[in-house]
Amino acid sequence: AGYGGVEEDVLLKDAFTTLVKTDKAFKLLNKYGLHIKKEDINNISNEEYKRISDIKFEVCSYSRLTVISLYAFVECFVNSVGYSYLLRNENILTNENKEVLKGYKKGSYLSLKSKIEQFQKIIRKDKKCKIITSDKSQIKDPFNSFFNNYENLRNSAVHFSPMKEPIWLKPEEWVKIAKEFSELSLQVALEFWQSCYEDMNKPDYLGRFDFNKLYKLSEHRIENIEKATFKLYNNKIVAN
């Protein structure tokens with residue numbers, strides 16, 4: 001009835017929800033910046049400085065969560081495509097292909113790069129690998145940027161160490177990364193889908209990977225939640 005849930009759809013909604021919240025917090029931060037320029041900086045109270053610092057943290061926090069959610073979405077989507085093909089073709093697949101589509105090879109976990117390559121070879125009618133991710137000389141965008149520019153940043157945000165990418169970035173830097181990675185992730189998912197299923201339309205259940213559509217849906221959902229108010233009636237909480 002239109003209210004079902006699929007894992008990769010949930011993660012994509014997570015990502016765009018945090019992206020919208022990133023933008024909202026960044027707009028608020030810029031408003032404060034304009035206010036400070038108009039006012040004598042000596043007249044800004046400690047409380048207001050603290051508020052500005054909190055908004056900066058909010059911008060960076062939502063940006064990091066956007067990057068983490070987008071990476072999780074891409075990985076979940078690739079896994080889902082492979083497992084879906086497995087379930088629909090189990091009777092004709094070799095045991096080796098079944099294992100690969102479950103994300104393993106000889107009992108070991110396959111990396112996301114490997115799954116993108118291997119799944120194509122099994123799913124495509126011609127059994128070719130159109131998207132190369134394992135060879136540095138052959139990997140092309142958007143996959144090159146996804147893995148070589150942003151994967152390390154995502155890894156730092158998930159399990160940081162001093163030897164990894166820094167996560168202490170300025171709010172405007174984090175906002176730029178969140179926006180770029182959101183567009184890049186959709187492109188990665190779309191190109192993987194089209195390589196596996198050249199004759200099929202973009203998946204409807206994921207908004208056909210339309211950035212503006214996904215953004216507006218999340219924006220509308222957040223606005224709808226913000227309108228929700230409650231009151232106490234006969235000792236019960238009810239919506240206004």
Side-chain angles (χ1 to χ4, degrees), residues 5-26 59-84 103 110-120 123 130-134 136 139-159 164-165 167 169 172-197 200-219 221-222:
V6 181
E7 287 81 359
E8 58 265 36
D9 175 48
V10 171
L11 291 171
L12 188 58
K13 285 176 179 175
D14 285 351
F16 272 82
T17 296
T18 53
L19 179 62
V20 171
K21 289 183 176 182
T22 295
D23 289 343
K24 286 169 71 73
F26 192 56
V59 172
C60 298
S61 178
Y62 280 131
S63 297
R64 282 190 295 272
L65 290 172
T66 300
V67 171
I68 292 169
S69 296
L70 285 165
Y71 193 95
F73 156 70
V74 171
E75 191 156 27
C76 181
F77 178 65
V78 170
N79 289 341
S80 180
V81 169
Y83 197 70
S84 177
L110 288 172
S111 68
L112 179 56
K113 281 184 179 181
S114 296
K115 283 185 278 194
I116 287 173
E117 282 193 348
Q118 296 297 322
F119 288 6
Q120 293 172 81
I123 296 172
K130 292 286 186 177
I131 299 170
I132 306 296
T133 54
S134 59
K136 291 182 179 180
I139 188 171
K140 298 177 181 178
D141 274 334
F143 299 90
N144 183 50
S145 293
F146 183 90
F147 287 111
N148 295 325
N149 295 345
Y150 291 97
E151 187 178 49
N152 289 336
L153 184 63
R154 172 263 180 188
N155 290 341
S156 291
V158 174
H159 32 72
K164 294 181 180 178
E165 292 286 322
I167 60 173
L169 302 173
E172 54 268 27
E173 292 176 317
W174 267 118
V175 170
K176 183 173 181 288
I177 287 169
K179 178 72 182 299
E180 289 176 350
F181 194 58
S182 60
E183 293 175 344
L184 188 69
S185 297
L186 291 181
Q187 196 177 352
V188 163
L190 175 58
E191 291 196 17
F192 170 71
W193 172 264
Q194 290 178 328
S195 180
C196 291
Y197 298 107
M200 291 181 66
N201 293 326
K202 300 173 185 177
D204 284 326
Y205 77 105
L206 294 172
R208 298 196 172 192
F209 299 126
D210 184 324
F211 179 92
N212 291 328
K213 179 180 180 180
L214 292 165
Y215 190 95
K216 287 177 181 177
L217 285 171
S218 288
E219 198 172 36
R221 186 168 57 252
I222 291 170

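Residue numbers run from 1 in the order of the sequence given.
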Compile the donor-acceptor pairs under 3.5 Å between side chains in residues 188-195 and protein atoms, sequence neighbours left out, one pair per line.
residue: Glu191; atom: OE2; partner: Gln187; partner atom: NE2; Å: 3.4
residue: Trp193; atom: NE1; partner: Asn201; partner atom: O; Å: 2.9
residue: Ser195; atom: OG; partner: Gln120; partner atom: OE1; Å: 2.6

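The closest side-chain heavy-atom distance from Leu12 to Leu186 is below 4.5 Å. In this structure, Val67 and Trp174 have side chains that are in contact, with non-hydrogen atoms separated by less than 4.5 Å. In this structure, Phe211 and Lys179 have side chains that are in contact, with non-hydrogen atoms separated by less than 4.5 Å. Contact of the Phe146 side chain with the Ser185 side chain is registered, since non-hydrogen atoms from C-beta on lie closer than 4.5 Å. The side-chain heavy atoms of Phe73 and Asp14, taken from C-beta on, include no pair separated by under 4.5 Å. Contact check for Ser63 versus Val175: side-chain heavy atoms found under the 4.5 Å cut-off. At least one side-chain heavy atom of Val20 sits less than 4.5 Å from a side-chain heavy atom of Lys24. Pro203 is listed as a side-chain neighbour of Phe209, based on a closest heavy-atom distance under 4.5 Å.
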Phe77 and Leu11: CA distance, side-chain angles, deciding distance, side chain to side chain contact (heavy atoms under 4.5 Å, CB included) verdict
CA-CA 9 Å; Phe77 178 65; Leu11 291 171; over 6 Å; no

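Nearest heavy-atom pair across Leu19 and Tyr215 is CD2-CD1, 3.9 Å. Nearest heavy-atom pair, Thr66 versus Ala15, reported as atom, atom and distance to 0.1 Å: CG2-O, 3.7 Å. Thr17 and Ser218 make their closest contact through N-OG, 3.6 Å (heavy atoms, listed as atom of the first residue, atom of the second, distance). Heavy-atom minimum distance, Lys115 versus Val78: CB-CG1, 4.1 Å.
For the pairing with Ser134, the side-chain hydrogen bond (donor to acceptor under 3.5 Å, both in side chains) check across Lys113, Gln118, Glu117 returns one residue only, Glu117. For the side-chain contact (heavy atoms from CB on, under 4.5 Å) criterion with Phe143, the lone passing option out of Leu184, Ile116, Asn148 is Ile116. The only member of Ile132, Ile131, Asn144 that meets side-chain contact (heavy atoms from CB on, under 4.5 Å) when paired with Ile139 is Asn144.
Atom-to-atom distance recorded for Leu206:CG and Lys213:NZ is 10.5 Å, nearest 0.5 angstrom. Taking CG of Asp9 as the start and CD of Glu7 as the end, the distance is 9.5 Å to the nearest 0.5 Å.
Classified by interplanar angle (parallel below 30°, tilted 30° to 60°, perpendicular above 60°), the ring pair Phe181/Tyr71 is parallel.
A donor-acceptor pair is defined here as one N or O able to donate and one able to accept, closer than 3.5 Å; such a pair exists between the side chain of Ser69 and the backbone of Leu65.
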